[in-house]
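These notes concern the structure reproduced below.
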Amino acid sequence: MMIANTLELFRHYTGEETFNRIRRFDTLAQMWEARSEEYAGLIAIRDGDRAVTFRQLAQDVARFRTVLAQHITEPTRVALLIPNSYEFVKAFLAVTTLGCTAVVLPAHLNEQAVFGTRRLFGYTLLITVDATADKAALCPDLPTVDAAADAQEETPAAPCKGSDGCAIIMTGGSTGAPKGALLSNTAVMEGVINICLGMPDSFEQRYMLVLPLSHVFGLIRNLLASLFTGSTLLICRDNRNMFRDAAAFRPTIMVLVPALADMALTLSKKFGRNMFGDSLKTIICGAASVPPYLVEEYHKMGVSLYPGYGLTESANLVSGNPENLKKPGSVGLIFPGMEYRIEDGELWLKGKNMMDGYVGREEPDAYADGWFRTGDLVRMDDEGFLYITGRIKEIIVLPSGENVSPAELEAQFNTLPVIQDSQVFEDVDESGRRFLALEVVPRATEVAKLGDVDVDACLKEELQKINETFPSFERVSKIVIRTSDFERTPSMKIVRYKKCQ
């Protein structure tokens, strides 16, 4: 067992003013009451033409608590089926400060999925907007509330404890079967505290939201981080307009998955300017493997891109990398207060930010002796910096019995600036022979620098050089240069090919 790094270590990487402003709260309600008073006159949320101060948001939240109190007599689970919007922010804060547990549902769920989540999570009230109201059609006995509803009176926040449930967030866990991670108030607030550590300047910034609030990265690292630090959050409702919105808003911090950061970088190079604006100083990047290329190229633009690692089950944040230039391939130092073990290469965790458990479906292999098994394969260097080397469920077992982690090989292929993304997988030929194959997506801006050459041949030659550095059993036997991107999940992760049976 190892207890992770101390708060004092992170003081070294955190600006003194920022470090001194970090304050711990037991519950989200306590945090919101304190911050809405401290930053009352500052703009909290921009959504379209609407600019709402912390004071006005607090009033709207208190009035919506009155609406909810007409349907709720005791703490319960309340589901939100609301796309990214001011209405989501208001409803989420109202539910959680009323002592209830917010069940955060992706707004794109269909009627059958909504029906299924009710059975899984046992919520007794559903909050919708016009665009999602019809999705409760298969639950005629389920009370619903319009997120636009209002009341004249204000209802105060209800008392609750850190151990009380705060949010249930959908996840696939280690098996991929949909379930909910139950996060207590303590877990959520521990996750929020960690967002400031290792950052030289966190408070009173301008955040821009492009990730779904139904995802833990968007909810905690984007929305709650903004509210905790007295920052302004611009809600981009349609990512097709993100660069137009950024030009007007001029964000200072972006929270992005690598695919979005890469796309913005490509366009920035094409048009000769930072597509998120010259005010951008920081990008927090995670939810998938972060290529060192992004760290290095954004640094040339005057932007610090910080890789990190987190899970829905850990209230998002497990580690962050304050030494992004020195160790661009690392997901950083494990945050204070967390205990960890590395068992047969797998990361096991304990800590205040960890979920209370899964809701809806049992996953008996998720825990071992009280430790949460992340399913992530890792290594740690001599300075305590963490590196993700793969996922247990993605391990390829070759006919020879050798185990291969595709993510570990992909990380090496992705060190080539000309490679944007890659996927190593097991393929089979007409005779039934199984072998490792590689598909890559070239990076257009780097391909353009190659000039008048056979691009496929040039790329394959460079990839083969890396391939030959691997042990013989890890070498790929086929390389394919793709002309289109891989299929991706809603969180922009690559959808992996199914394993050979």
Side-chain angles (χ1 to χ4, degrees), residues 15-69 80 82 84-100 102 147-160 162 166-167 185 188-189 191-193 195-196 199 201-209 213 218-236 245 248-253 255 279 282:
E16 191 67 21
E17 181 180 352
T18 293
F19 192 87
N20 290 336
R21 295 177 74 174
I22 298 173
R23 177 182 167 191
R24 291 189 175 275
F25 299 95
D26 292 331
T27 67
L28 182 55
Q30 291 177 7
M31 185 277 280
W32 175 238
E33 181 179 8
R35 293 314 197 204
S36 60
E37 291 180 2
E38 183 177 356
Y39 302 115
L42 300 181
I43 300 296
I45 305 293
R46 288 191 179 274
D47 184 10
D49 296 330
R50 189 184 321 186
V52 183
T53 63
F54 277 81
R55 179 186 294 109
Q56 183 61 58
L57 176 55
Q59 292 171 349
D60 289 348
V61 168
R63 289 200 294 266
F64 198 67
R65 284 196 293 257
T66 302
V67 173
L68 295 178
L80 282 68
I82 309 171
N84 286 10
S85 60
Y86 179 71
E87 286 71 27
F88 179 100
V89 177
K90 179 186 71 173
F92 179 80
L93 289 174
V95 169
T96 53
T97 59
L98 198 56
C100 296
D150 199 6
Q152 294 298 315
E153 299 80 17
E154 297 183 7
T155 295
C160 68
C166 180
N185 275 269
V188 169
M189 291 316 306
V192 171
I193 287 289
I195 64 99
C196 297
M199 295 271 295
D201 194 4
S202 297
F203 286 81
E204 296 178 46
Q205 299 294 312
R206 293 191 300 276
Y207 278 83
M208 183 168 155
L209 176 70
L213 288 169
L219 180 66
I220 294 181
R221 189 56 188 86
N222 223 160
L223 171 61
L224 296 186
S226 178
L227 296 176
F228 179 77
T229 58
S231 299
T232 300
L233 179 70
L234 172 73
I235 298 174
C236 176
D245 290 350
F249 180 62
R250 299 170 57 242
T252 58
I253 296 180
V255 180
S279 296
T282 303

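Quick note: residue numbers are just sequence positions, from 1.
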The single option from Leu227, Thr229, Leu223 that satisfies side-chain contact (heavy atoms from CB on, under 4.5 Å) with Tyr207 is Thr229

[X] to [Y] - nearest heavy-atom pair and separation:
| X | Y | value |
| --- | --- | --- |
| Met208 | Asp245 | CE-CB, 4.0 Å |
| Leu213 | Leu219 | O-CB, 3.4 Å |
| Leu233 | Ser226 | CB-OG, 3.6 Å |
| Phe54 | Ile43 | CE1-O, 3.9 Å |
| Phe228 | Met31 | CD1-CG, 3.7 Å |
| Asp60 | Tyr86 | OD2-OH, 2.6 Å |

Exercise for the section: Given side chain to side chain contact (heavy atoms under 4.5 Å, CB included), test Val192 with Ile220 step by step and report yes or no. Expected result: CA-CA 6 Å; Val192 171; Ile220 294 181; 4.1 Å; yes

Does a side-chain heavy-atom distance below 4.5 Å link [X] with [Y]?
| X | Y | value |
| --- | --- | --- |
| Arg35 | Arg23 | yes |
| Ile193 | Ile22 | yes |
| Thr97 | Arg65 | yes |
| Leu98 | Phe64 | no |
| Thr252 | Asp201 | no |
| Tyr39 | Leu57 | no |
| Thr27 | Met189 | no |

Practice task
Apply the test side chain to side chain contact (heavy atoms under 4.5 Å, CB included) to residues Val188 and Thr96: give CA-CA distance (whole Å), side-chain angles for both, the deciding distance (0.1 Å), then the verdict.
Solution key: CA-CA 11 Å; Val188 169; Thr96 53; over 6 Å; no

| request: Decide yes or no on side chain to side chain contact (heavy atoms under 4.5 Å, CB included) for Val52 and Lys90, but give the supporting numbers first. | output: CA-CA 11 Å; Val52 183; Lys90 179 186 71 173; over 6 Å; no

Side chain Asp47, main chain Ser85, donor-acceptor under 3.5 Å
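Here the side-chain-to-backbone pair does not exist.
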
> Quick check: does any side chain N or O of Gln205 sit under 3.5 Å from a backbone N or O of Phe203, one acting as donor and the other as acceptor?
Replying inline: yes

Item to check | Derivation of the side chain to side chain donor-acceptor pair (under 3.5 Å) call for Thr66 and Thr155 | outcome: CA-CA 5 Å; Thr66 302; Thr155 295; 2.7 Å; yes

For [X], look at atom [atom1] and say whether over 12 heavy atoms of other residues, nucleotides or ligands are found less than 6.0 Å away.
| X | atom1 | result |
| --- | --- | --- |
| Glu33 | CD | no |
| Arg55 | CZ | no |
| Glu38 | CD | yes |

CD (Glu153) and CZ (Arg63) are apart, to the nearest 0.5 Å, by 10.5 Å

*Rounded distance (nearest 0.5 Å) linking atom CG of Leu209 with atom CZ of Arg221*: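 Taking CG in Leu209 and CZ in Arg221, the distance rounds to 12.5 Å.
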
Handout entry: Pair Glu204-Arg21, side chain to side chain contact (heavy atoms under 4.5 Å, CB included): steps then yes or no
Key = CA-CA 11 Å; Glu204 296 178 46; Arg21 295 177 74 174; 2.8 Å; yes

(Q) Checking Thr232 against Arg46 for the side chain to side chain donor-acceptor pair (under 3.5 Å) test, could you report, in this order, the C-alpha distance in whole Å, the side-chain angles of both residues, the deciding distance, and whether it holds? (A) CA-CA 7 Å; Thr232 300; Arg46 288 191 179 274; 5.8 Å; no

